[in-house]
Amino acid sequence: MMPEHKGVKPQPNPAPYSIHPSNTTFQTGKPITVVIEGPDYRGVLLEARSGSNPKAIGTWQTPPINTKFLACSGNQQSAITHANTNIKNNSTVYTWIPPDTVQNIVFIATIAQDRTVFWVKVMSSASSGAGGTSLDVHNSAERIVTLLLMLSVVLLANVQFLLA
């Protein structure tokens, strides 16, 4: 996933991009849309992977404008890359179809603002197969905090009731 831009290295700082799938769980054959959020970008290489396996999995549907398929791991539609250096942005939507043999996936990308400024291994939160649990730590943490706040409010209301 390293661009072949001679004499140029990836950015060492965290990427200003995040990858957002439409769902944190998936079902075989049911499309998931993926958006790369952040500043406009000109280059991209986007794949879905399972666990620590370096092979691209699943199949991408018709690439958005200014992008094209890239054959990886023996699959002609296993990755999406840029077709030119025209701008892509938050409104560029990629659609991926999960295979039937995978339980957990993560979307991984190389994203280039231009030829000399790019980030490698930008990753989404993990998603799991139907029936599994969401692996999105942020969503889980938000649910726990919300539950704790609700319990605190109920407890406080009961204490006030008892003291009245």
By the salt bridge (charged side-chain N to carboxylate O under 4.0 Å, His left out) test, which pairs, at least two apart or in different chains, include something from residues 111-129?
none
Which value, rounded to the nearest 0.5 Å, describes the distance between Thr92 atom OG1 and Ile80 atom CD1?
11.0 Å
Minimum heavy-atom separation for Ile19 to Ser124, with atom names?
O-CB, 3.5 Å
Working to the nearest 0.5 Å, report the span between CE of Met1 and OG1 of Thr110.
4.0 Å
Could I get the full list of salt bridge (charged side-chain N to carboxylate O under 4.0 Å, His left out) partners for Arg49, not counting sequence neighbours?
Glu47
Kindly work out whether a path of hydrophobic side-chain contacts (I/L/V/M/F/W/Y, heavy atoms less than 4.5 Å apart) joins Val106 to Ile32.
no
For the residue pair Pro31 and Thr95, what are the closest heavy atoms and their distance?
CB-CG2, 3.7 Å
If we only count heavy atoms from C-beta on, is the Phe26 to Ile105 side-chain gap below 4.5 Å?
yes
Could you walk me through whether Asn23 and Thr25 satisfy the side chain to side chain donor-acceptor pair (under 3.5 Å) test, starting with their C-alpha distance in whole Å, then the side-chain angles of each, then the deciding distance to 0.1 Å, before giving a yes or no?
CA-CA 5 Å; Asn23 296 311; Thr25 59; 5.9 Å; no
Is the closest side-chain heavy-atom distance between Val93 and Val34 below 4.5 Å?
no
Close side-chain approach of Trp60 to Ile97, heavy-atom, < 4.5 Å
no
Do Phe118 and Thr116 have side chains that get closer than 4.5 Å, going by heavy atoms?
no
Tell me whether Ser78 contacts the main-chain N or O of Cys72 through its side chain, where contact means a donor paired with an acceptor under 3.5 Å.
yes
To the closest 0.5 Å, what do you measure between NE2 (His20) and CG (Asn90)?
8.5 Å
How long is the straight-line distance from CG of Leu45 back to CD1 of Ile111, given to the nearest 0.5 Å?
10.0 Å
Fit a plane to each ring of Phe107 and Trp96, take the angle between them on a 0 to 90° scale, and name the class: parallel (under 30°), tilted (30 to 60°) or perpendicular (over 60°).
perpendicular
Is there side-chain contact between Asn86 and Arg42, with heavy atoms separated by less than 4.5 Å?
no
Single-linkage hydrophobic cluster, 4.5 Å side-chain cutoff, Trp119 and Ile36 together:
yes
So Thr28 and Pro98, do their side chains get closer than 4.5 Å, heavy atoms only?
no
Say you draw a straight line from CG of Leu70 to CG of Leu46; how long is it, rounded to the nearest 0.5 Å?
11.0 Å
If I compare all heavy atoms of Tyr94 with all of Val44, which pair ends up nearest, and what's the gap?
OH-CG1, 3.9 Å
If you compare all heavy atoms of Lys88 against all heavy atoms of Thr67, which two are closest, and at what distance to 0.1 Å?
CE-CG2, 4.2 Å
Any side-chain heavy-atom pair from Val122 and Ile108 closer than 4.5 angstrom?
no
Would you check if the side chain of Asn104 reaches a backbone N or O of Ala126 as a donor-acceptor pair within less than 3.5 Å?
no
For Gln113, the side-chain hydrogen bond (donor to acceptor under 3.5 Å, both in side chains) test, sequence neighbours excluded, returns Tyr17
Flag the pair His82 / Asn66 as yes when at least one side-chain heavy-atom distance between them is below 4.5 Å, and no otherwise.
no
